[in-house]
There are 2 protein chains.
Amino acid sequence: MSSSDLRKAGLKATLPRMRILQLLEENSQRHMSAEDVYRALLEAGEEVGIATIYRVLTQFESAGLITRHNFDGGHAVYEIDQGDHHDHMVCTRCGKVTEFFDETIEKRQHAIASQYGYDMTDHSLYIFGICPDCQKAQAERRR
Amino acid sequence: MSSSDLRKAGLKATLPRMRILQLLEENSQRHMSAEDVYRALLEAGEEVGIATIYRVLTQFESAGLITRHNFDGGHAVYEIDQGDHHDHMVCTRCGKVTEFFDETIEKRQHAIASQYGYDMTDHSLYIFGICPDCQKAQAERRR
DNA sequence: ATGTATGCAAAACATTTGCACCTGG
DNA sequence: CCAGGTGCAAATGTTTTGCATACAT
């Protein structure tokens, strides 16, 4: 149950917070912008202000419950943090996001940071490309 | 000379464009936001509108003359593309940017993309951390 | 000349903030 | 009850756009 997760993070278990956390947990899309969350809640008939969404998402991020990504400059997207670190591959056609993890890359990143004397706190790796589905669609259009 | 570079890219060699390109070529900082460019030109006594800066930077990016980065969500920064691909390490304290290149990581990225059937068009890797200088400063403050 | 580029100001977004009211513990 | 949370609307910061004027070729 999410209300205990919230209290564990030192946050009061309010209605908006529970709704937002629940949404991020259940959503199959997995990567949602503040606007996405807002619209999803509206459609579900929930009354939440957009300001609250931003505030809550920021708090969740600080609490380590979710992770923020800046795939493009336009807007941030958030995803539930389920303990497993992974990187992202983003389809530039349809926006689909695929997650992956590569031990070799992780190791090299740490090695490079320490080589330059950096105290590494975080890293982000995005591979941009065209996903198999969009390649197929493109091939058919060409026929 | 930059005017020929511009024409090669299919862009008229106008004064603002030459100034902006020159600035990006010469600037030691190497990673500038639109606002940075704007202020630098004002200080140099040049009359350029901020809208032109944005338009020109976007055109330069499309033309492949410069590369755009979204280190954080706030604002984009641009750097001259001198043919050598590299990734970035960003100090979260002072904002300093260190460039690096790692063959192993590059290879793994391609391997992963093709493993998932993606046609990779681009990728971005940022390592965030605290640079040696800021670590030192922090240690002194603690004394 | 003439199509393109620029400057200005207004618009468009994404996100943040001040403040009065409401709510969870 | 009361500290903290929320909603609203206004403010912010960045980037984009409409339009009349200026410029490169």
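The sequence lines fix the lettering, A, B, ..., with proteins before strands; numbering per chain opens at 1.
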Specify whether [X] and [Y] have parallel, tilted or perpendicular ring planes, treating 30° as the upper limit for parallel and 60° as the lower limit for perpendicular.
{"X": "B:H85", "Y": "B:F101", "result": "perpendicular"}
{"X": "B:F100", "Y": "A:Y116", "result": "tilted"}
{"X": "B:H31", "Y": "B:H88", "result": "perpendicular"}

Checklist line | Side-chain donor/acceptor of A:R68 to backbone N/O of A:A76, under 3.5 Å | finding: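 Checking the backbone N and O of A:A76 against the side chain of A:R68, no donor-acceptor pair under 3.5 Å is found.
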Next item on the list: For the pair B:R108 and A:R108, evaluate side chain to side chain contact (heavy atoms under 4.5 Å, CB included) and give the outcome as yes or no after the intermediate values.
Entry: CA-CA 11 Å; B:R108 289 300 303 151; A:R108 288 300 303 151; over 6 Å; no
Check: How close do A:M89 and B:A113 get, heavy atom to heavy atom, and via which atoms?
Finding: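 Heavy-atom minimum between the residues: SD-CA, 3.9 Å.
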Check: If you pin B:K12 and B:Q59 to their nearest nucleotides in DNA chain C, which one's is more 5'?
Finding: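 Final value for this comparison: B:K12.
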Margin query: Regarding A:G74, tell me which of base, sugar-phosphate or nothing describes its non-hydrogen contacts under 4.0 Å with the strands shown.
Written below: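 Sugar-phosphate, no base atom in range.
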Margin query: Regarding B:R17, tell me which of base, sugar-phosphate or nothing describes its non-hydrogen contacts under 4.0 Å with the strands shown.
Written below: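 Here B:R17 touches the backbone only, sparing every base.
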Check: Taking a hydrophobic cluster as the set of Ile, Leu, Val, Met, Phe, Trp and Tyr residues connected by side-chain heavy atoms closer than 4.5 Å, whether directly or through intermediates, do B:I50 and B:L21 fall within one such cluster?
Finding: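 Both belong to a single hydrophobic cluster.
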Margin query: For a 4.0 angstrom threshold against heavy atoms of chain B, report the outermost contacting nucleotides of DNA chain D in 5' to 3' order.
Written below: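 Reading along DNA chain D, I get D:dT14 to D:dT25.
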Margin query: If you assign each of A:T14 and B:Y78 to its closest nucleotide in DNA chain D, which residue comes earlier from the 5' end?
Written below: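 Its nearest nucleotide being more 5', the pick is A:T14.
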Checklist line | Matching residue for B:R19 among B:E47, B:E25, B:E26, B:E46 - test: salt bridge (Lys or Arg N to Asp or Glu O under 4.0 Å) | finding: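 Considering B:E47, B:E25, B:E26, B:E46, a salt bridge (Lys or Arg N to Asp or Glu O under 4.0 Å) with B:R19 is found only for B:E46.
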Next item on the list: Enumerate the residues from residues 31-54 of chain A whose closest heavy atom to DNA chain C is under 4.0 Å, giving them by residue number; use none for an empty result.
Entry: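 Correct list: A:A51, A:Y54.
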Notebook entry, point to check: Under a criterion of less than 4.0 angstrom to any heavy atom of chain B, what are the 5'-terminal and 3'-terminal contacting nucleotides of DNA chain C?
Noted result: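 It runs C:dG3 to C:dA9.
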Next item on the list: Quick one: do A:V56 and A:V48 satisfy side chain to side chain contact (heavy atoms under 4.5 Å, CB included)? Show the steps, please.
Entry: CA-CA 11 Å; A:V56 169; A:V48 203; over 6 Å; no
Item checked: Candidate pair B:D87 and B:E106, rule side chain to side chain contact (heavy atoms under 4.5 Å, CB included), full reasoning -> CA-CA 10 Å; B:D87 290 308; B:E106 298 297 320; 3.2 Å; yes
